[in-house]
Amino acid sequence: MSEAPDDLVVPRSIAVIMDGNGRWARKKGWQRVRGHEHGITAVRETVTECARLGVQALTLYAFSEENWSRPETEIAALMSLLKRFLVEERPTLMQNGVKLVHAGRRERLSPEVLALLAESVALTAGNDRMTLCLAISYGARTELVDAMRAIARKVAAGQLEPEAIDEATISAHLYRPELPDPDLLIRTAGELRVSNFLLWQISYAEIWVTDLCWPEFRKQHLWQALQAYGKRERRFGRVPS
Ligand code: FPP
């Protein structure tokens with residue numbers, strides 16, 4: 001299948017847990033880091049195809065808070081890959097009208113990573129076809145902690161009444177309040193869990209899991225996910241219509 005099927009239902013917002021890089025590489029007898037390297041090709045193809053199809057926001061789980069406890073060599077390899085990505089993918093982002101943003105804590109990221117990130121964010125700020133949100137040093141529970149702290153500071157300063165806090169207040173204090181909640185969460189490499197990713201935002205997301213590892217993921221697989229998504233009945237707690 002080289003053309004996108006014409007029955008695709010394109011969600012406004014997609015989030016992806018890109019899992020299985022290490023397993024894919026090990027199966028080939030390679031170092032785990034080669035799996036991450038090949039993962040970049042899947043990132044490029046997914047970003048390009050989502051932008052072409054008219055997805056408004058794509059959030060990729062590139063490095064979790066929990067990933068800081070991996071061996072130092074693997075963290076260093078992932079960070080150097082991230083730096084390469086932030087520079088080398090600029091033409092792809094520009095050609096496809098993609099605006100880059102970051103979700104996550106900044107404290108543990110190196111000044112170099114932060115500088116390259118800031119440059120790419122600034123360069124792509126005027127693009128408006130799709131927003132690519134890279135979740136780096138991201139954990140959903142830490143995001144909620146940070147949001148609660150920000151809200152508590154406003155309450156303590158007398159700027160906000162506790163009774164005025166509602167769901168919209170919490171959404172507005174997350175890292176990227178401007179992004180629509182994901183309609184579809186894609187996970188590769190077969191695990192049936194959400195791994196501390198966007199816990200608040202995926203409340204009503206449809207979940208699609210494939211056994212393929214992330215380095216193998218191509219636009220045909222994205223289309224499969226969108227076809228499956230199109231067949232789901234999204235009820236948001238209501239009775240079937
Ligand atoms: C999970 O595979 C993937 C990651 C921890 C990192 C994701 C990174 C990439 C796809 C490459 C870099 C991306 C960007 C945007 C720079 P895993 O290592 O947990 O695989 P395993 O479960 O098989 O061990």
Side-chain angles (χ1 to χ4, degrees), residues 14-51 55 57-93 96 98-106 108-110 112-121 123-124 130-140 176 185-198 209-219 221-222:
I14 300 180
V16 187
I17 301 178
M18 310 182 286
D19 197 16
N21 293 347
R23 267 167 282 172
W24 179 81
R26 296 306 301 152
K27 260 189 280 177
K28 292 184 171 297
W30 297 346
Q31 300 282 331
R32 290 173 52 80
V33 63
R34 283 188 70 183
H36 299 312
E37 282 166 13
H38 283 262
I40 297 281
T41 309
V43 169
R44 188 180 309 122
E45 182 151 331
T46 304
V47 169
T48 308
E49 187 59 7
C50 283
V55 173
L58 172 67
T59 303
L60 300 179
Y61 208 1
F63 192 89
S64 70
E65 278 285 269
E66 292 73 23
N67 287 155
W68 288 114
S69 43
R70 290 199 173 193
E72 255 175 57
T73 48
E74 186 166 338
I75 296 176
L78 277 166
M79 288 298 144
S80 89
L81 211 54
L82 175 62
K83 285 188 272 184
R84 235 173 70 193
F85 175 88
L86 288 171
V87 175
E88 290 178 5
E89 297 306 314
R90 284 174 188 164
T92 306
L93 300 180
N96 291 281
V98 177
K99 175 204 272 200
L100 183 78
V101 297
H102 168 233
R105 277 198 177 160
R106 303 168 60 81
R108 291 165 88 177
L109 294 171
S110 72
E112 262 180 300
V113 167
L114 289 172
L116 293 175
L117 193 54
E119 277 172 31
S120 295
V121 166
L123 177 75
T124 61
M130 184 178 83
T131 301
L132 169 63
C133 176
L134 286 186
I136 306 166
S137 198
Y138 175 87
R176 303 275 30 134
L185 172 68
I186 295 175
R187 178 167 191 146
T188 57
E191 311 286 355
L192 300 178
R193 50 178 175 256
V194 293
S195 300
N196 199 19
F197 190 40
L198 305 173
V209 177
T210 172
D211 285 332
L212 287 169
C213 290
W214 179 250
E216 304 170 298
F217 193 85
R218 291 294 176 271
K219 62 184 175 192
H221 310 117
L222 175 70

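Note that ligands are numbered from 1 as they come in the structure, with each ligand's atoms numbered from 1 the same way.
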Without hydrogens or angle criteria, can the side chains of [X] and [Y] be said to hold a donor-acceptor pair below 3.5 Å?
X	Y	result
Asn196	Glu65	no
Arg106	Ser137	no
His36	Glu74	yes

Give me the nearest non-hydrogen protein atom to [atom] as residue plus atom name, then the distance to 0.1 Å.
atom	value
atom 5 (C) of ligand 1	Asn67 OD1, 3.6 Å
atom 1 (C) of ligand 1	Met18 O, 3.1 Å
atom 11 (C) of ligand 1	His36 O, 3.5 Å
atom 24 (O) of ligand 1	Arg32 NH1, 2.9 Å
atom 23 (O) of ligand 1	Arg23 N, 2.6 Å
atom 19 (O) of ligand 1	Arg70 NH2, 2.7 Å
atom 10 (C) of ligand 1	Asn21 ND2, 3.4 Å
atom 14 (C) of ligand 1	Ile40 CD1, 4.1 Å

(message) With rounding to the nearest 0.5 angstrom, report the CD to CZ distance, Glu45 to Phe217.
(response)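 That separation rounds to 9.0 Å.
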(request) Could you tell me the separation between the CG atom of Leu100 and the CG atom of Leu134, rounded to the nearest 0.5 Å? (result) 5.0 Å
(message) Can you tell me if Arg84 has over 12 outside heavy atoms packed within less than 6.0 Å of its CZ?
(response) no
(request) Could you tell me whether some N/O pair between Gly39 and ligand 1 is separated by less than 3.5 angstrom? (result) no
(message) Geometry only, no angles: is Asp19 polar-contacting ligand 1 at N/O separations under 3.5 Å?
(response)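 Yes; at least one N/O pair falls below 3.5 Å.
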Considering only heavy atoms of [X], which atoms of ligand 1 have at least one such atom less than 4.0 Å away?
X	answer
Trp214	10 (C)
Gly22	17 (P), 18 (O), 20 (O), 21 (P), 23 (O), 24 (O)
Phe85	16 (C)

(request) Would you mind checking if Glu191 and Arg23 are paired as a salt bridge, meaning a charged N to carboxylate O distance below 4.0 Å? (result) yes
(message) Under the criterion side chain to side chain donor-acceptor pair (under 3.5 Å), I'd like the reasoning laid out for Thr59 against Arg176: C-alpha separation, chi angles, the key distance, then a yes or no.
(response) CA-CA 10 Å; Thr59 303; Arg176 303 275 30 134; over 6 Å; no
(message) Quick check: Trp214 with His221 (ring centres under 6.0 Å apart)?
(response) no
(message) Please state which option from Ser195, Ala62, Ala135 has its nearest heavy atom closest to atom 6 (C) of ligand 1.
(response) Ala62
(message) I'd like to know if Phe63 contacts ligand 1, where contact means a heavy-atom distance under 4.0 Å to any ligand atom.
(response)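 Phe63 does not count as a contact of ligand 1 under the 4.0 Å cut-off.
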(request) Say whether, by atom type as modelled, one donor and one acceptor occur between the side chain of Thr188 and the main chain of Asp19 under 3.5 angstrom. (result)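 Answer holds: yes.
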